[in-house]
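Down below is the structure, laid out as structure tokens.
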Amino acid sequence: MRTAAWALVAAAMVVAPSTGLASGEDELVSLINARRAETRGCTGAREAAAGPLAPSPLLARVDGAAAGGDLGKALIAAGYRAATATTLLLSGVADARAAVRLVEDRHCDVVRNRRYAEIGVARRGSTWRINLAAPLLAGDLGDWREAGQAVLRLVNDSRRRGGTCGTQRFAAAAPLAWSDELAAAALAHSQDMAANDYFDHVDRRGAGVAERARQHGYPWRAIGENIAAGQGSPQQVVAGWLASPGHCANILSSDFTEMGAAYALNAQAAMEIYWTQVFGSR
């Protein structure tokens, strides 16, 4: 189990020309998640992708600077239960795309750090505050099947509304049905990642989701997979997937008709909790 520890690690002021302002907090979250999904590391070398960050309105309101630079005090005052957290401050930034370029240049290792699972972005004029945190696990998480069914309900709520994933618009789609075979494949992969402390769509045997689904008896015509780590509840993990263009597209795609989802825990693993969601159609 994580113990709570946090600090205002970096209040880094960076300057860029300001040429007009637009709101853009959601866009910045999407751009950061798209970068975390890449397998290009900060030095250009290939490395494993990081899981998507779930946007948190509560975390966005946390202002460590207003608390005298004490981020832990600000988190407690806001009622945000964090295992670890950090803040980045950007100044003189015109829009989300300029912000993500500065983050890439100055704080790439921070925003790609896999220990963080949630993000809160606040903007005042040309100043942006980015809070990154690993939340403590929800006390009422339930077993993996209960959590998976909660993921299904949240996913189907999103499919009923449709939405935009990055720049791609999706119309409303039919609800997904629960698949025990896909759930078994999701559970096995979550357990393997948790037990062996890794985060990847490819397991240690070199198998991907297509092979794993077949091994669990699912005769797929189309197959897809979302993974995440660190989020402490179904609400957090679905919010993270929806805020990441590629994961969001899987959730809203009309190509899929069924899904299964599961989490697994390992207190000694880097992220403690690992999630897998498998989509399919027969």
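All values below were derived from every heavy atom in this structure, side-chain atoms included, with hydrogens, water molecules and symmetry-related copies excluded.
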Quiz prompt | side-chain contact (heavy atoms from CB on, under 4.5 Å) assessment of Arg159 paired with Asn156 | solution = CA-CA 5 Å; Arg159 288 172 69 87; Asn156 281 337; 3.7 Å; yes

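- Taking CG of Leu132 as the start and OG1 of Thr86 as the end, the distance is 6.5 Å to the nearest 0.5 Å.
- Taking the charged nitrogens against the carboxylate oxygens, Glu104 and Arg101 have no contact shorter than 4.0 Å, which rules out a salt bridge.
- Between the CG atom of Leu102 and the CG atom of Leu88 there is a distance of 11.0 Å, given to the nearest 0.5 Å.
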Practice problem: Please lay out, stage by stage, how Gln277 and Val155 fare under the test side-chain contact (heavy atoms from CB on, under 4.5 Å). | Solution: CA-CA 11 Å; Gln277 178 183 33; Val155 163; 3.2 Å; yes

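- Crowding of Asp26 atom CG: a count of heavy atoms from other residues, nucleotides or ligands under 6.0 Å not exceeding 12.
- In terms of hydrophobic clustering, with Ile, Leu, Val, Met, Phe, Trp and Tyr side chains grouped at heavy-atom distances under 4.5 Å, Val238 and Leu137 are assigned to a common cluster.
- We find that Asp203 and Arg205 are joined by a salt bridge, their nearest charged nitrogen and carboxylate oxygen being less than 4.0 Å apart.
- Side chains of Trp220 and Leu182 form no contact here, defined as non-hydrogen atoms less than 4.5 Å apart.
- With values rounded to the nearest 0.5 angstrom, Leu187 atom CG is found 11.5 Å from Asp180 atom CG.
- Considering SG of Cys248 and CZ of Phe170, their distance stands at 6.5 Å, rounded to 0.5 Å.
- The number of heavy-atom neighbours closer than 6.0 Å to CZ of Arg124, taken from other residues, nucleotides and ligands shown, is 12 or below.
- Taking 4.0 Å as the cut-off between side-chain N and carboxylate O, Glu47 and Arg112 count as a salt-bridged pair.
- Arg114 places a side-chain heavy atom less than 4.5 Å from the side chain of Phe199.
- Side-chain atoms of Gln231 and Tyr263 form no donor-acceptor pair, as typed in the model, at a separation below 3.5 Å.
- Looking at Phe256 and Asn250, their side chains come closer than 4.5 Å, going by heavy atoms from C-beta outward.
- Considering only heavy atoms from C-beta on, Trp275 comes within 4.5 Å of Val151 through its side chain.
- No donor-acceptor contact under 3.5 angstrom links the side chains of Gln191 and Tyr274, judged on distance only.
- Looking at heavy atoms from C-beta onward, Arg35 lies out of side-chain contact with Val111 at the 4.5 angstrom threshold.
- Rounding to the nearest 0.5 Å places CD1 of Ile251 at 9.5 Å from CG of Leu176.
- The neighbour count for Arg282 CZ, taken as heavy atoms of other residues, nucleotides or ligands under 6.0 Å away, is above 12.
- Looking at Asn33 and Ile119, their side chains never come closer than 4.5 Å, going by heavy atoms from C-beta outward.
- From Leu53, atom CG reaches atom OG of Ser244 across 9.0 Å, with rounding to the nearest 0.5 Å.
- The shortest side-chain heavy-atom distance between Arg46 and Arg40 does not fall under the 4.5 Å cut-off.
- Using modelled atom types and a 3.5 Å distance limit, the side chains of Thr276 and Ser190 yield a donor-acceptor pair.
- Each of Arg212, His189, Glu225 was scored for a side chain to side chain donor-acceptor pair (under 3.5 Å) with His201, with one residue passing: Glu225.
- When the side chains of ILVMFWY residues are joined at heavy-atom separations under 4.5 Å, either directly or via intervening members, Val209 and Trp241 end up in two distinct hydrophobic clusters.
- Two residues are said to be in side-chain contact when any heavy atoms from C-beta on lie closer than 4.5 Å; Cys165 and Leu252 meet this criterion.
- Under the 3.5 Å distance criterion, with hydrogens and angles disregarded, a donor-acceptor pair is assigned to the side chains of Tyr198 and Asp192.
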Quiz item: Can you check side-chain contact (heavy atoms from CB on, under 4.5 Å) on Val110 and Asn113, steps first, answer last?
Solution: CA-CA 5 Å; Val110 177; Asn113 192 320; 5.7 Å; no

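- In this structure a side-chain-to-backbone donor-acceptor pair under 3.5 Å is missing from Trp178 to Glu258.
- Connection of Trp144 to Leu152 is established within a shared hydrophobic cluster, with ILVMFWY side chains joined at heavy-atom distances below 4.5 Å, either directly or through further cluster members.
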Exercise. Kindly determine whether Cys42 and Asp109 satisfy side-chain contact (heavy atoms from CB on, under 4.5 Å), including the steps that lead there.
Key: CA-CA 6 Å; Cys42 294; Asp109 288 337; 3.2 Å; yes

